[in-house]
J.: 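Before we start, here is the structure in question, set down as structure tokens.
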Amino acid sequence: MRDQLRTVPLWFSTAFRAAPLHSTLSLLLWCVRAVLAPISTYGVKLVVDGVSGAGQEAIRSGVLLLVGASTVMLMTSFAGYLRDATADRVERAVVADILRLTTQVPGIEHHERPDVADRLSQLRDDARELGYFAVLLIDLLSTVVNVVVVLVLLTEVHPVFGVLVVLAFGQVWTAGVSTRWRQEAAERMQPHNRLVRQLMAVAKDPRQAVELRVFGLGGTLLDRIGEHARMAAWHERRGLLRGMLIRSVGRIVFRLGYLAAVVYLIVQARRGAVSVGDLALVVLLAPQVDGAASQAGESVTYVGQALRQFGVYRWLRDYARDHAWEDSVEVAPERLRQGIELRGVSFSYPGTDERVLEAVDLMIPAGTSVALVGANGAGKSTLVKLLSRMYDPTEGEILVDGVPLSAVDPVSWRRRLSAGYQDFVRYEFTAREVVGVGDLPRAGDDDAIRSALVRGEAEAVVAQLPAGLDTQLGTQFSDSAELSGGQWQRLALARAFLRERPLLLLLDEPTAALDPEAEHALYERFAEASKETAARTGGITVLVSHRFSTVRMADLIVVIDDGRLVETGTHRDLLAAGGRYADLFEVQARAYR
């Protein structure tokens, strides 16, 4: 309950922040309409009483009725249009805010934790509905106004109709229970829905088509999609059925109560205790009473859904604030003078207790190239993530020229980095843009881009394209060019090399799609360029590779085994030591003999 109360201010303020004028006008119009609708019905009572001789204001009452009904009709059309326009504006603002929040969080925990991914997936699914739920406040307030006016008119006819207030609350309560059950069903559906979307993405991705067909996985994939879709549908049907049953009970009880009250009033009218106009008022208000009660129940349902969805939205806003690293205000240095030091660095991924790195102590001098070596899962890529500050260590610290990396502004730090990864992104942009996003301020500098193409051994890739750098890449556009895996990787390397003189260049298996000779030639070329950069800025290159022909070129080789640093030294020193590195080298060398 406390968590929901914290959500209410965000829900109430969203529409007025996104569209203040539209929201205010829409609220006023719907509230005025909520008052005029029953007042117009009251005009019917006055007309009937006047005609039947119970009153002398039949003509004036008729005018009141005509004006009120006409005003309600006009306001309903305009208010509906205004509310829809408000919802559209709020929807666009909320979707933009969700994108801003998810992209501006400096770390990547929210991409890698399943529980967080479920909530983000749910929020993306509900993002468009948030626009309409934001203006639900308008409907909710107008419904409250309408219910109050209707009940006031009814209780003036006879106090017995005050009992309907209690019955109305019963309908609202059953609607609340129904909403809670549907929310619980939606939460159980989310993991299944997320997996269905992922599997469908695999099934539709052209890059996966060959492997799916070679291994005959099409049927298996469809079976798995169907299985989880059925589980999600089962949870949805169960929640809807339970909710429908209990809401039906609430509606039936309310309508029976109202019917009993009407019958009682008819008896009173026959005795002359109430006027014919009163009876007409009650009969004509019946649809409005039923509609108001149903609307109140619907509002509770929507309120529950709105609180759930805005609760996730508030969670994202809180998450973005709590993970903004606002205390990190130091500016990254222009030049490394000492280097980067790891002191007792241990790390466990959030949500787990397993140590991926354990008590790592390492000094990387400025101006050196470092190779990280170890078996798959040893912790090499995790160390790369820590150096780029995608995470902070669970224990220990990383120092940059003696300054804790946790104190450095992550945006400032990453502007001084560059990186190439095995799992690179295939941006379906023009070839110029595919390389240019590696350093946005220089994205339009063709000389810089061509220089990066040379360093990334990618000039031949662009030379084969029909429109050169202006060629649209990918498969999602007409007149576009698709590349092989190796060609995409060369462009990704060129992208990594576009940023000149970085303080830290991270290369995590960036040439996996290239043959050993091409990889060796590329690293030889890059080693010469990195020495020049190191001389100017003290920049450090960190390389992760399983090919020892490349690793041996590094100034320092770091061997990681099961999350622990077990050896450091040059290629020659480590071979002479006969330890873990020598064993790994011998295994790979034997394969080439």
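Nothing fancy with the numbering, it's 1 onward along the sequence.
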J.: Any non-hydrogen side-chain atom of L405 less than 4.5 Å from a side-chain atom of L386?
T.: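 The answer is no, as the side chains (C-beta and beyond) never meet within the 4.5 Å cut-off.
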J.: Is the number of heavy atoms from other residues, nucleotides or ligands under 6.0 Å of M200 CE greater than 12?
T.: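 Open: at most 12 neighbouring heavy atoms sit under 6.0 Å from CE of M200.
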J.: On the 0 to 90° scale, with breaks at 30° and 60°, tag the Y349-F347 ring pair as parallel, tilted or perpendicular.
T.: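 Y349 and F347: perpendicular rings.
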J.: With no hydrogens and no angle check, is any side-chain donor or acceptor of E567 less than 3.5 Å from a backbone partner on Y581?
T.: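 Between the backbone of Y581 and the side chain of E567 there is a qualifying donor-acceptor contact (under 3.5 Å).
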J.: So, for R442 and A448, which heavy atoms are closest and what is the spacing to 0.1 Å?
T.: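 What the structure gives for the nearest pair is NH2-CB, 3.1 Å.
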J.: Can you confirm whether D327 is buried at CG, in the sense that more than 12 heavy atoms of other residues, nucleotides or ligands lie under 6.0 Å from that atom?
T.: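 No, CG of D327 has 12 or fewer neighbouring heavy atoms, counting only those of other groups under 6.0 Å.
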J.: Enter the distance from I225:CD1 to L221:CG here, rounded to the nearest 0.5 Å.
T.: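 Spacing of CD1 (I225) from CG (L221) equals 4.5 Å.
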J.: For D446, does its backbone N or O pair with a side-chain atom of R432 as donor and acceptor, under 3.5 Å?
T.: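 Between the backbone of D446 and the side chain of R432 there is no qualifying donor-acceptor contact (under 3.5 Å).
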J.: Quick one: list whatever passes side chain to side chain contact (heavy atoms under 4.5 Å, CB included) with A185, sequence neighbours left out.
T.: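 By the side chain to side chain contact (heavy atoms under 4.5 Å, CB included) rule, A185 matches no residue at all.
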J.: Please determine, by modelled atom types, if D470 and T430 share a side-chain donor-acceptor pair under 3.5 angstrom.
T.: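 Their side chains do not contain a donor-acceptor pair, so the 3.5 Å distance test is not met.
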J.: List in chain and number order the residues that pass side chain to side chain contact (heavy atoms under 4.5 Å, CB included) with D97, two or more places apart in sequence or in another chain; answer none if no residue qualifies.
T.: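 For D97, the residues satisfying side chain to side chain contact (heavy atoms under 4.5 Å, CB included) (neighbours in sequence not counted) are R100, L101, Y313, R317.
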J.: If you take all heavy atoms of M363 and E341, which pair is closest and at what distance?
T.: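 Smallest heavy-atom distance, with atoms named: SD-CB, 3.6 Å.
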J.: I would like to know whether V558 and L383 meet side-chain contact (heavy atoms from CB on, under 4.5 Å); could you show each step before the answer?
T.: CA-CA 11 Å; V558 176; L383 186 54; 5.6 Å; no
J.: Is S23 close to R89 at the side-chain level, that is, under 4.5 Å between some pair of heavy atoms?
T.: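 Not touching, per the 4.5 Å side-chain cut-off.
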J.: Evaluate D392 against W325 for side-chain contact (heavy atoms from CB on, under 4.5 Å), listing each step before the verdict.
T.: CA-CA 10 Å; D392 284 333; W325 296 339; 3.9 Å; yes
J.: What do you reckon, is CG of D562 surrounded by more than 12 foreign heavy atoms closer than 6.0 Å?
T.: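 No, CG of D562 has 12 or fewer neighbouring heavy atoms, counting only those of other groups under 6.0 Å.
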J.: Has S451 got a side-chain atom pairing as donor or acceptor with D447's backbone, closer than 3.5 angstrom?
T.: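 Between the backbone of D447 and the side chain of S451 there is no qualifying donor-acceptor contact (under 3.5 Å).
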J.: Of all heavy-atom pairs between V400 and P333, which one has the smallest distance, and what is that distance?
T.: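 Heavy atoms only, the tightest pair is CG1-CG, 4.2 Å.
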J.: Under 4.0 Å between a side-chain nitrogen and a carboxylate oxygen: does that hold for R580 and D583?
T.: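 Looking at D583 together with R580, the answer is no, because their closest N to O distance does not fall below 4.0 Å.
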J.: Quick one: does D555's side chain get under 4.5 Å of S369's, heavy atoms only?
T.: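 Touching, per the 4.5 Å side-chain cut-off.
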J.: Report the C-alpha distance between E236 and H192 in whole Å, list the side-chain angles of each, state the deciding distance to 0.1 Å, and finish with yes or no for side-chain contact (heavy atoms from CB on, under 4.5 Å).
T.: CA-CA 11 Å; E236 182 179 31; H192 298 289; over 6 Å; no
J.: Could you state the interatomic distance from CD (Q489) to CZ (R426), rounded to the nearest 0.5 Å?
T.: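 Separation between the atoms: 9.0 Å.
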J.: Only counting residues at least two apart or in another chain, list the ones meeting side chain to side chain contact (heavy atoms under 4.5 Å, CB included) with A366.
T.: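 Residues passing side chain to side chain contact (heavy atoms under 4.5 Å, CB included) with A366: L336.
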J.: Verify the neighbour count for atom CZ of R321: are there more than 12 heavy atoms of other residues, nucleotides or ligands below 6.0 Å?
T.: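 More than 12 within 6.0 Å, yes.
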J.: Any side-chain heavy atom of L387 sitting closer than 4.5 Å to one from L342?
T.: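 SC-SC contact between L387 and L342 confirmed.
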J.: I'd like to know if the side chain of S418 reaches the main chain of A496, judged simply by a donor and an acceptor atom lying under 3.5 Å from each other, with no hydrogens or angles considered.
T.: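 Between the backbone of A496 and the side chain of S418 there is a qualifying donor-acceptor contact (under 3.5 Å).
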J.: Got a second to check how far I398's CD1 is from I340's CD1, nearest 0.5 Å?
T.: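 Reported value, rounded in 0.5 Å steps: 8.0 Å.
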J.: Quick one: are L565 and D361 in side-chain contact, heavy atoms under 4.5 Å?
T.: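 Sidechains of D361 and L565: no contact.
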J.: Ignoring hydrogens, what is the shortest heavy-atom contact between H228 and L195? Give both atom names and the distance.
T.: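 What the structure gives for the nearest pair is NE2-CD2, 3.1 Å.
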J.: Over all heavy atoms of both residues, which pair between T471 and A481 is shortest? Give the atoms and the distance, please.
T.: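 It is CG2-CB, 3.8 Å.
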J.: Show the nearest heavy-atom pair for residues R17 and L10, with the distance to one decimal.
T.: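 Heavy-atom minimum between the residues: NH2-CD1, 3.5 Å.
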J.: Okay, side chain of R455, backbone of F497: is any donor-acceptor separation there less than 3.5 Å?
T.: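 Such a contact is found between R455 side chain and F497 backbone.
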J.: Are R389 and S328 linked by a side-chain donor-acceptor pair shorter than 3.5 Å?
T.: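 Looking only at side-chain atoms, S328 and R389 do form a donor-acceptor pair, the distance falling under 3.5 Å.
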J.: Would you say the side-chain atoms of K385 pair up with the backbone N or O of Y391, donor to acceptor, closer than 3.5 Å?
T.: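 No: the side chain of K385 does not pair with the backbone of Y391.
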J.: So do the side chains of W488 and L473 get within less than 4.5 Å of each other, counting heavy atoms only?
T.: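 Of all side-chain heavy-atom pairs linking L473 with W488, at least one is under 4.5 Å.
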J.: How long is the straight-line distance from NZ of K380 back to CG of L357, given to the nearest 0.5 Å?
T.: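 Reported value, rounded in 0.5 Å steps: 11.0 Å.
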J.: With a 4.0 Å cut-off on N to O distance, would you call R92 and D88 a salt bridge?
T.: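 No, this pair does not count.
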J.: Quick check for you: to the nearest 0.5 Å, what is the distance between E334 atom CD and R501 atom CZ?
T.: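 Between atom CD of E334 and atom CZ of R501 there are 10.5 Å.
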J.: Looking at R495 and V434, would you say the former's side chain and the latter's main chain have a donor-acceptor pair under 3.5 Å?
T.: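 Such a contact is found between R495 side chain and V434 backbone.
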J.: When you compare the side chain of W234 with that of R188, does any pair of heavy atoms fall below 4.5 Å?
T.: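 R188 vs W234: side chains apart.
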J.: Near R415 CZ, under 6.0 Å, is it more than 12 heavy atoms from other residues, nucleotides or ligands?
T.: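 Check fails, neighbour count at 12 or below.
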J.: Would V435 and L469 count as a side-chain contact (heavy atoms from CB on, under 4.5 Å) here? Give the steps.
T.: CA-CA 9 Å; V435 178; L469 288 172; 5.7 Å; no
J.: Examine distances only and state if a side-chain atom of Q472 and a backbone atom of E428 form a donor-acceptor pair shorter than 3.5 Å.
T.: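 Indeed, once roles are kept as given, a pair shorter than 3.5 Å links the two residues.
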J.: Distance check, rounded to the nearest 0.5 Å: L222 atom CG versus L199 atom CG?
T.: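 L222 CG to L199 CG: 10.0 Å, rounded to 0.5 Å.
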J.: Could you check whether any side-chain heavy atom of L372 comes within less than 4.5 Å of a side-chain heavy atom of I557, counting everything from C-beta outward?
T.: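 Heavy-atom side-chain distance check fails, nothing below 4.5 Å.
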J.: Where the side chain of T541 meets the backbone of L505, is there a donor-acceptor pair that is under 3.5 Å apart?
T.: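 Checked: no pair found.
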J.: Give a yes or no on whether the backbone of Y421 and the side-chain of D508 come within a donor-acceptor separation of less than 3.5 Å.
T.: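 Flag not set: sc D508 to bb Y421 has no pair under 3.5 Å.
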